[in-house]
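Report on one structure; see the data block that follows.
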Amino acid sequence: MDGAHNPQHGPHLKAVSRVSAALSSLADLQAMLKVGLDSACDLLEAARGKIFVWDEDSSALSLRVARATEKEQARSMAPENAEAGVGGAGDRERGPAGIDHPADRDQWLATRVIDAERAFFVEDLSREPVGEEGSALPGPAAEQAGFFAGVPLRSCHKVLGVLEVFGESPRCFSSDDRCALTCIGELLGVAIDRAEVLEQLRRGRETYQRLARYCLVAQDEERRRIARELHDETSQSLSALALNLRALVEVAEMSSLDPQLVERLRKIESLAQTTGYELTRIINDLRPGLLDSAGLVAAIRRFAQDHLEALEVKVEVEVKGAIPRLTPEVEANLFRFAQGAITNIARHAEASYVRITLECSAEKLILHIRDDGRGFDIAQITGIDEKTGRGRGLFAMKERIRLLGGNCAVESAPGRGTTVRAEIPLAEVRHGQDPGLGSGRPYPGT
Ligand SMILES: Nc1ncnc2c1ncn2[C@@H]1O[C@H](COP(=O)(O)OP(=O)(O)OP(=O)(O)O)[C@@H](O)[C@H]1O
Ligand SMILES: [Mg+2]
């Protein structure tokens, strides 16, 4: 191929479109860079090539992919060169380091491209200087014969890396060669940029999940603390008050006190008792004692019966397989999930029948809660309504399951009832056998 305009665009277009197809189909940056390097090397029939990516954190060029000649591969296998790793990936300081190894020379060239922020097409490295300041390539002249093409990997005017291609003999570059390589460089730049954005997104999501988990754990701990205080302090005082009132009523009934006064005392005693029951219900909602002592199934069953049967909703609980004891965090989150679904049924569903199913296999636990109520249009709940808070309950339910590494789904339609479903993997969360189903060891306090 000569250096004049080449009317045969085929191979150049093919090389560029191969890289652009990889950009749209490959999610993995490393695979994408490899396609880019292979395409560039194949197009120029180059013996070898490398891609360096600039690492902001370490302020160094990092070798990401390399195509080596057989001679180089053999040399890199030699024990004395194993560390240098021609054809492997590794970090080196930016800038002209000691150029006593071919790998250092490649990096020196990459640094020239980065510094100049432009492409270099050199027909014969042994005869032409490289770099803005016209520096001659350091190293033994015999190693340098052959062509070199180095293009920046650029995205949004920022150079993010370098694609280098080396030939063993001199070569003239056509304008198509230059154009195709520059194009490949820009496509790879976009790929690196995209990978960085995805990485930032992943880190952001991780931070968000950590915070969400922290909030849920803090909320549970606070609920436990309030429940404990209400139980140990307020509930005890209320019981003592009710007992004293009972004794007072008995004495008053036997004395010749005004009957109206006795009746008022009875009412006060009854009020104290009702308040006690109410307080017990609140304590149980805050932290159901049953969850610790009898396990998840019993706690969910009790909560459903307490909240739904009073509304004349028939509740059935079905258990398939042996439900293991799970870690306290997992049990608390699953219980809160069921609590959210049951509270929603009580508040919104107008249901007459609810079926709760817990299904356990070796790998996963599935919890289904289905009602035959009025249902709702899920498409309308796209987030949390800022004014009414509508959607917050479903959001928290989903988040709790997601934090356990599981999936959550809500199915509903107006007039067709509602089903919520949570599925969690069990690999890391077993903690014995659910005592509510016999054969279990006692649950450790939380
Ligand atoms: N089982 C159900 N049957 C009918 N409608 C439901 C059911 N579950 C949820 N919904 C509808 O979905 C909406 C969102 O539920 P979500 O639990 O997120 O919020 P909420 O119950 O309104 O408020 P919060 O749970 O924060 O007290 C509800 O307002 C209700 O309209
Ligand atoms: Mg709700």
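Counting convention: from 1, in listed order, for ligands and their atoms alike. None of these values were measured; they are calculated from a predicted model.
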Determine, for [X] against [Y], whether the closest basic-nitrogen to carboxylate-oxygen distance falls under 4.0 angstrom.
| X | Y | answer |
| --- | --- | --- |
| Asp42 | Arg67 | yes |
| Glu263 | Arg266 | yes |
| Lys158 | Glu56 | yes |

Judged by modelled atom types alone, do Tyr208 and Arg210 share a side-chain donor-acceptor pair under 3.5 Å?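 There is no such pair between these side chains.
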Under a 3.5 Å cutoff, is there a donor and acceptor pairing between the side chains of Glu196 and Gln200?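 No pair is found: no donor N or O on one side chain lies under 3.5 Å from an acceptor on the other.
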Any nitrogen or oxygen of Leu394, main chain or side chain, under 3.5 Å from a nitrogen or oxygen of ligand 1?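 Yes - when backbone and side-chain N and O of Leu394 are compared with those of ligand 1, one distance drops under 3.5 Å.
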Any nitrogen or oxygen of Ile381, side chain or backbone, less than 3.5 Å from one on ligand 1?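 Checking ligand 1 against Ile381, no N or O pair falls under 3.5 Å apart.
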Considering only non-hydrogen protein atoms, determine which one is nearest to [atom] and report residue, atom name and distance to 0.1 Å.
| atom | answer |
| --- | --- |
| atom 5 (N) of ligand 1 | Phe376 CD2, 3.3 Å |
| atom 25 (O) of ligand 1 | Gly393 CA, 3.5 Å |
| atom 27 (O) of ligand 1 | Arg347 NH1, 2.8 Å |
| atom 31 (O) of ligand 1 | Arg390 NH2, 2.7 Å |

Nearest 0.5 Å, please: how far is NE2 in His12 from NZ in Lys14?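 Going from the NZ atom of Lys14 to the NE2 atom of His12 covers 12.5 Å.
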Quick one: pull up CZ in Phe303 and CD in Gln339 and give me the separation to the nearest 0.5 Å.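 Here the rounded value is 4.0 Å.
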May I ask you to list the atoms of ligand 1 that are less than 4.0 angstrom from any heavy atom of [X]?
| X | result |
| --- | --- |
| Gly391 | 14 (C), 16 (P), 18 (O), 19 (O) |
| Asp371 | 1 (N) |
| Thr418 | 1 (N), 2 (C), 3 (N) |

Measure from the side-chain N and O atoms of Arg154 to the backbone N and O of Glu117, and report whether any donor-acceptor pair falls under 3.5 Å.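 Side chain of Arg154 to backbone of Glu117, a donor-acceptor pair under 3.5 Å: yes, one is there.
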Nearest option to atom 20 (P) of ligand 1, as decided by whichever heavy atom of Glu350, Arg392, His348 sits closest: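 The nearest heavy atom belongs to His348.
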Can an N, O or S atom be found in Thr343 less than 2.8 Å away from the Mg ion (ligand 2)?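 Not a single backbone or side-chain N, O or S atom of Thr343 is under 2.8 Å from the Mg ion (ligand 2).
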